[in-house]
Enquirer: 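To start, I am sharing the structure in question, which I have written as structure tokens.
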Amino acid sequence: MNRSVLRMLRGLVWLVAILCAWKLRWTVVSESQASAGDGLQYFQLTQTIKLFHRFAYLPSLPLTFTRLPGYPLFLALIQPARMVGLEEHLIWASRANVMLDLATALLVAAIGRRLRMGQLAQLLGFAAVIVSPPLFMLSTHALSEPLVTCLLTLAVYLALWAKDAQTSGAKDHLALLTGFTLGLAQLVRVDSLLVIPAVLLLLWLAATGSRQRLRLWALCLGVCAVTFAPWPLRNLRLFGSPHFGGSPWIDQDGSPLRLGMMRWYQTWATGRTDGEGFDLFLVARHAPLPPTRPNVITPLMYDDAAERSELVQICSQYSQEGLSPAVDKRFYRLALRRLVRHPFRVLVVLPMRRLVTLWSPMPPYEMGIRSALLHLPDARERWDRFGSMLLLLSLAGACFALSEPGKRRWVAALWLVPVLRSGAFVYLHPIPLHRYFVEALPIVLLFSGYALAWPIARLQELLSVMVRRSDCSEPSL
């Protein structure tokens, strides 16, 4: 079979795969759209940007800095230039998520091609992104994760592409594009910073000398900074502070909350027990914390009767004052005492447990969707098991890829993305649900396809060797 026919067949296979992926995802988002608390705020910001050209939650409210502007601006660009209701907003956002996830899946396949993984591994990696439960669940919500995941995967691909660039100028252009993409991602989510080390390592490996390496780094980081700069400069002018990442914790109205309670949470919470975030949920809605209410104070939160008594006092004071400076200070003091009393538990044991949470399926009440096609929510447990199986396959595929000298450095650089994200989030968030890992998920899922394709390729090589030996051993006439 000649090469042109093979190319046509491959193109046909990919066309069918893309159409099937689009149909599957489009059907899912047509069956279910939902808006979490964050999604409601994005809805408000989007409408205010479109109609009043102001970055505020409502036209009557002052300008804000508590959320980054990238995702609301993206939604404002793709929606009609008129007021839309929440239901129509969700339709526009979820359909955009379909296209973003499809682009992410294609980028994963393209990364596999740059790594010389073969057509089967590329196709399986593409399919893994499409059917990954966390990714298709998030696509039904009007949240920023699909956009930033696509941008970060694109940045990784551009940096990897530099290794195949034939000229120094081509490498420079790819470094510039990588920096621009990273800057856009930073405008969507501040945790995009965690991908920068992996991107810089890829550019370092792609360069041929120290001067070129430093130049690629300077181009990438410089363009990234310039792309992101309008946001902190705007905040510095309006609020006297750059507020690089928005606010780490805000209430339902978009106002920043003091972080003492969050720091105290980091001395006991792991996400391994349902209901651990109940107090955070109440505080974000300025609801009281009556100590006698179930789940407000649980045995996980204290070590002895004296500490429980102090918690009762703090919750009672909060119910009267809210998160006042005095209440916030008491939470900070309690957190510090617990850290000093049990440093190993707070700094090592609890983060290790959070790592399990980060890599485990989300609780059923998180990112729930209704889909007749996927038999959800009834089949949620089966889909969660399938998602865990994909992660295990990915780890196996990464081991296979690391065993090949030609791929080892590039695979190690790519795996910096999930490794750094995992290491950071077990300390940044007291309850790091699997949702916070999705930006790294496409890179991981690429190797689930390689885990299946690698043994098949090795078997083909073995059979080829056996056939050649058999041919050589036949007696000649």
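All heavy atoms count here, side chains included; hydrogens, waters and symmetry mates do not.
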Enquirer: Does the side chain of F180 come within less than 4.5 Å of L176's, by heavy atoms?
Expert: no
Enquirer: Donor-acceptor pair, S94 side chain versus I91 backbone, under 3.5 Å?
Expert: yes
Enquirer: So, applying side chain to side chain contact (heavy atoms under 4.5 Å, CB included) with T104, which one of L147, L135, L154, T149 is it?
Expert: T149
Enquirer: Tell me whether S448 contacts the main-chain N or O of L390 through its side chain, where contact means a donor paired with an acceptor under 3.5 Å.
Expert: no
Enquirer: Given 3.5 Å as the limit, does a donor-acceptor pair link the side chain of S132 with the main chain of V129, or not?
Expert: no
Enquirer: Could you tell me which residues satisfy side chain to side chain contact (heavy atoms under 4.5 Å, CB included) with T27, sequence neighbours excluded, listed by chain and number?
Expert: K23, E31, L373
Enquirer: Please say which of T153, L391, L138, V108 ends up in a side chain to side chain contact (heavy atoms under 4.5 Å, CB included) with L441.
Expert: L391
Enquirer: Taking the side chain as every heavy atom from C-beta outward, state whether F447 and M117 have any atom pair closer than 4.5 Å.
Expert: yes
Enquirer: Return yes if some donor-acceptor pair links the side-chain N/O of S360 with the main-chain N/O of V356 below 3.5 Å, else return no.
Expert: yes
Enquirer: Judged by modelled atom types alone, do R67 and Q41 share a side-chain donor-acceptor pair under 3.5 Å?
Expert: yes
Enquirer: I'd like to check the ring pair (Phe, Tyr, Trp, His ring centres under 6.0 Å) partners of W249; sequence neighbours left out, ordered by chain and number.
Expert: none
Enquirer: Under 4.5 Å between any side-chain heavy atoms of L143 and R435, yes or no?
Expert: yes
Enquirer: Under the side chain to side chain contact (heavy atoms under 4.5 Å, CB included) test against L182, which residue among L152, L177, L151, T227 passes?
Expert: L152
Enquirer: Using the side chain to side chain contact (heavy atoms under 4.5 Å, CB included) criterion, which residues pair with L236? Sequence neighbours excluded.
Expert: P242
Enquirer: Can you confirm whether Q186 sits close enough to W231 that some side-chain heavy atom of one is under 4.5 Å from a side-chain heavy atom of the other?
Expert: no
Enquirer: For F400, check ring pair (Phe, Tyr, Trp, His ring centres under 6.0 Å) against everything at least two apart and list the hits.
Expert: W454
Enquirer: For the pair S388 (side chain) and D384 (backbone), establish whether a donor and an acceptor sit closer than 3.5 Å, ignoring hydrogens and angles.
Expert: yes
Enquirer: With Y265, which residues qualify under side chain to side chain donor-acceptor pair (under 3.5 Å), at least two apart?
Expert: none
Enquirer: Passes side chain to side chain donor-acceptor pair (under 3.5 Å), W14 versus Q122? Steps please.
Expert: CA-CA 10 Å; W14 274 105; Q122 296 169 38; 5.0 Å; no
Enquirer: Enter the distance from N97:CG to L102:CG here, rounded to the nearest 0.5 Å.
Expert: 12.0 Å
Enquirer: What orientation do F228 and F244 show, parallel under 30°, tilted 30 to 60°, or perpendicular over 60°?
Expert: parallel
Enquirer: If we ignore hydrogens and angles and just use 3.5 Å, is the side chain of E276 paired with the main-chain N or O of T270 as donor and acceptor?
Expert: yes
Enquirer: What are the two closest heavy atoms between G254 and T64, and how far apart are they?
Expert: O-OG1, 4.3 Å
Enquirer: Taking only residues two or more places apart in sequence, or in another chain, which ones meet L420 in a side chain to side chain contact (heavy atoms under 4.5 Å, CB included)?
Expert: P197, L416
Enquirer: Just to verify, what does R409 make a side chain to side chain contact (heavy atoms under 4.5 Å, CB included) with, not counting sequence neighbours?
Expert: L205
Enquirer: Measure from the side-chain N and O atoms of S247 to the backbone N and O of I250, and report whether any donor-acceptor pair falls under 3.5 Å.
Expert: no
Enquirer: Given Y57, which partner from the list L40, T66, L63 fulfils the side chain to side chain contact (heavy atoms under 4.5 Å, CB included) test?
Expert: T66
Enquirer: Using atom types as modelled and distance alone, determine if a side-chain donor or acceptor of R421 lies under 3.5 Å from a backbone N or O of V195.
Expert: no
Enquirer: Under the salt bridge (Lys or Arg N to Asp or Glu O under 4.0 Å) rule, what pairs show up with a residue in residues 110-125, not counting sequence neighbours?
Expert: R114-D164, R116-D164
Enquirer: Of all residues at least two apart in sequence or in a different chain, which pass the ring pair (Phe, Tyr, Trp, His ring centres under 6.0 Å) check with Y436?
Expert: F425, H429
Enquirer: Enumerate the residue pairs fulfilling salt bridge (Lys or Arg N to Asp or Glu O under 4.0 Å) with a member in residues 90-106, sequence neighbours excluded, ordered by first and then second residue.
Expert: R25-D101
Enquirer: Quick test of your reading: applying salt bridge (Lys or Arg N to Asp or Glu O under 4.0 Å), list the pairs with at least one residue in residues 171-185, sequence neighbours left out, ordered by first then second residue.
Expert: D172-R215
Enquirer: Can you check whether V188's main-chain N or O pairs, donor with acceptor, with S144's side chain at less than 3.5 Å?
Expert: no
Enquirer: For W204, is there any backbone N or O sitting under 3.5 Å from a side-chain donor or acceptor partner on R213?
Expert: yes
Enquirer: So, using ring pair (Phe, Tyr, Trp, His ring centres under 6.0 Å) as the criterion, who are the partners of F239 when residues are at least two apart?
Expert: F65
